[in-house]
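Report on the structure given below.
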Amino acid sequence: MNDWQRKSALDWETYVNKMVKVAAIETHEYEGWVLTVDPVSASIVLATFLENEKVSISVVLGHAVQEVEILKEGDDEMKQRLSCIFAPEESKAYSPEELEKRKNDLKTWLETNHIPVTEQGESGRTLCVAGVLTVDPPYGPEECSSSNEIILSRVQGLIQGYLEKQQ
């Protein structure tokens with residue numbers, strides 16, 4: 001076990017949102033912004049921004065890490081860019097007002113088609129369809145979840161058709 005692997009999760013957290021240079025075994029070097037460090041394997045997930053707003057993700061396995069050097073602190077803008085890398089495209093584009101409208105429109109459409117739907121959760125952000133399926137913001141087919149695969153597939157198809165008609 002190397003020194004990097006012996007660090008605690010709190011130690012690793014100090015590297016998040018910072019530009020680092022990682023020296024790994026066999027004289028390999030990696031540079032990038034630290035997205036996270038896996039607390040089990042001590043692997044480092046690095047993001048590098050390319051042209052055309054593309055992002056390259058690299059993982060340096062924890063057992064291979066020899067040394068990590070901080071090159072640059074991330075400012076608020078960089079922290080925001082890093083936090084959005086894995087966010088679904090749909091969730092980036094909607095304001096709270098737009099999400100509320102999407103939820104209400106979908107709920108009305110489901111009720112019009114005689115599909116029982118209720119609002120769930122503290123803020124009522126989640127729609128519950130027939131008591132067996134939930135739809136989270138931004139209320140698309142990808143945000144549906146249910147343990148019943150048949151119902152999941154059918155409701156996803158209905159929502160997809162509904163969304164296509166809206167455009």
Side-chain angles (χ1 to χ4, degrees), residues 9-10 12-20 30-60 70-167:
L10 291 174
W12 291 323
E13 189 177 24
T14 62
Y15 291 89
V16 173
N17 295 327
K18 295 185 174 126
M19 170 69 86
V20 298
Y30 303 90
E31 237 177 70
W33 293 92
V34 178
L35 283 173
T36 190
V37 179
D38 176 51
V40 175
S41 67
S43 299
I44 305 170
V45 180
L46 299 174
T48 309
F49 293 97
L50 311 170
E51 63 275 349
N52 302 344
E53 289 298 309
K54 299 236 185 252
V55 180
S56 171
I57 303 294
S58 307
V59 178
V60 183
I70 295 175
L71 301 176
K72 186 177 172 185
E73 296 281 330
D75 58 10
D76 288 340
E77 181 184 334
M78 181 53 69
K79 288 176 185 176
Q80 181 62 37
R81 281 181 78 186
L82 292 168
S83 71
C84 290
I85 288 176
F86 291 116
E89 287 295 319
E90 298 84 22
S91 68
K92 296 177 191 174
Y94 301 109
S95 69
E97 296 79 23
E98 290 172 313
L99 285 175
E100 186 68 21
K101 182 182 180 335
R102 284 177 63 93
K103 178 187 79 172
N104 292 333
D105 289 350
L106 178 60
K107 183 178 179 190
T108 302
W109 182 80
L110 288 167
E111 289 171 340
T112 302
N113 287 283
H114 308 290
I115 298 170
V117 60
T118 59
E119 294 181 19
Q120 258 185 275
E122 298 167 13
S123 58
R125 294 184 63 208
T126 301
L127 292 178
C128 182
V129 179
V132 294
L133 179 136
T134 59
V135 187
D136 292 311
Y139 309 103
E142 301 83 24
E143 289 76 39
C144 294
S145 63
S146 175
S147 59
N148 185 319
E149 291 182 32
I150 295 169
I151 291 174
L152 177 64
S153 174
R154 291 198 177 151
V155 173
Q156 284 177 320
L158 287 172
I159 292 174
Q160 184 66 43
Y162 161 74
L163 292 174
E164 286 170 2
K165 286 180 186 172
Q166 297 301 104
Q167 294 176 351

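Below, each value reflects all heavy atoms present in this structure, side chains not excepted, and no hydrogens, waters or symmetry copies.
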**Message:** Ile115 vs Leu158, test: side-chain contact (heavy atoms from CB on, under 4.5 Å). Steps then yes/no.
**Reply:** CA-CA 11 Å; Ile115 298 170; Leu158 287 172; 3.8 Å; yes
**Prompt:** Is the CD1 atom of Ile150 crowded by more than 12 outside heavy atoms at less than 6.0 Å?
**Reply:** no
**Prompt:** Any idea which heavy atoms bring Gln120 and Cys128 closest together, and the distance?
**Reply:** OE1-CB, 2.9 Å
**Request:** Compare all side-chain heavy atoms of Thr14 with those of Leu10 and state whether any distance is below 4.5 angstrom.
**Result:** no
**Prompt:** Counting only N and O atoms by type, is there a donor-acceptor contact under 3.5 Å from the side chain of Thr36 to the main-chain atoms of Val45?
**Reply:** no
**Request:** Evaluate the side-chain contact (heavy atoms from CB on, under 4.5 Å) criterion for residues Phe49 and Leu82: first the C-alpha distance (whole Å), next the side-chain angles of each, then the deciding distance (0.1 Å), finally the verdict.
**Result:** CA-CA 10 Å; Phe49 293 97; Leu82 292 168; 3.9 Å; yes
**Message:** Is there a side-chain contact between Val34 and Trp12 in this structure, where contact means two heavy atoms from C-beta onward sitting under 4.5 Å apart?
**Reply:** no
**Message:** How long is the straight-line distance from CH2 of Trp33 back to CG of Leu46, given to the nearest 0.5 Å?
**Reply:** 11.5 Å
**Request:** Could you go through the side-chain contact (heavy atoms from CB on, under 4.5 Å) check for Asp105 and Tyr162 one step at a time?
**Result:** CA-CA 10 Å; Asp105 289 350; Tyr162 161 74; 3.3 Å; yes
**Request:** Determine, stepwise, if the pair Ile57 / Ile85 fulfils side-chain contact (heavy atoms from CB on, under 4.5 Å).
**Result:** CA-CA 10 Å; Ile57 303 294; Ile85 288 176; 4.1 Å; yes
**Test item: Met78 and Met19 side chains (from C-beta on) under 4.5 Å apart, heavy atoms** = no
**Prompt:** Would you say the side-chain atoms of Lys107 pair up with the backbone N or O of Glu119, donor to acceptor, closer than 3.5 Å?
**Reply:** no
**Greater than 12 external heavy atoms within 6.0 Å of Glu31's CD** = yes
**Message:** With a 4.5 Å cut-off on side-chain heavy atoms, are Leu99 and Arg125 touching?
**Reply:** yes
**Request:** Please round to the nearest 0.5 Å and tell me the distance separating atom CG of Asn52 and atom CG of Leu50.
**Result:** 9.0 Å
**Heavy-atom check, side chain of Ile159 versus side chain of Cys144, under 4.5 Å** = yes
**Request:** Could you tell me whether the side chain of Trp109 reaches within less than 4.5 Å of the side chain of Leu163, counting heavy atoms only?
**Result:** no
**Student check: side-chain heavy atoms of Leu133 and Asn148 closer than 4.5 Å** = no
**Asked** Is the side chain of Glu143 donor-acceptor paired with the backbone N or O of Pro137 at a distance under 3.5 Å, no angle test?
**Response** no
**Fill in**
CD (Gln80) and CG (Asn17) are apart, to the nearest 0.5 Å, by 10.5 Å
**Prompt:** If you measure only the distance, is there a donor-acceptor pair under 3.5 Å linking the side chains of Gln156 and Gln160?
**Reply:** no
**Prompt:** Does the Ser153 side chain pair with the main chain of Glu149, one donor and one acceptor, at a distance under 3.5 Å?
**Reply:** no
**Item:** Heavy-atom check, side chain of Val135 versus side chain of Val117, under 4.5 Å
**Value:** no
**Request:** Considering only NZ, NE, NH1 and NH2 on the basic side and carboxylate oxygens on the acidic side, decide whether Lys101 and Glu98 come within less than 4.0 Å.
**Result:** no
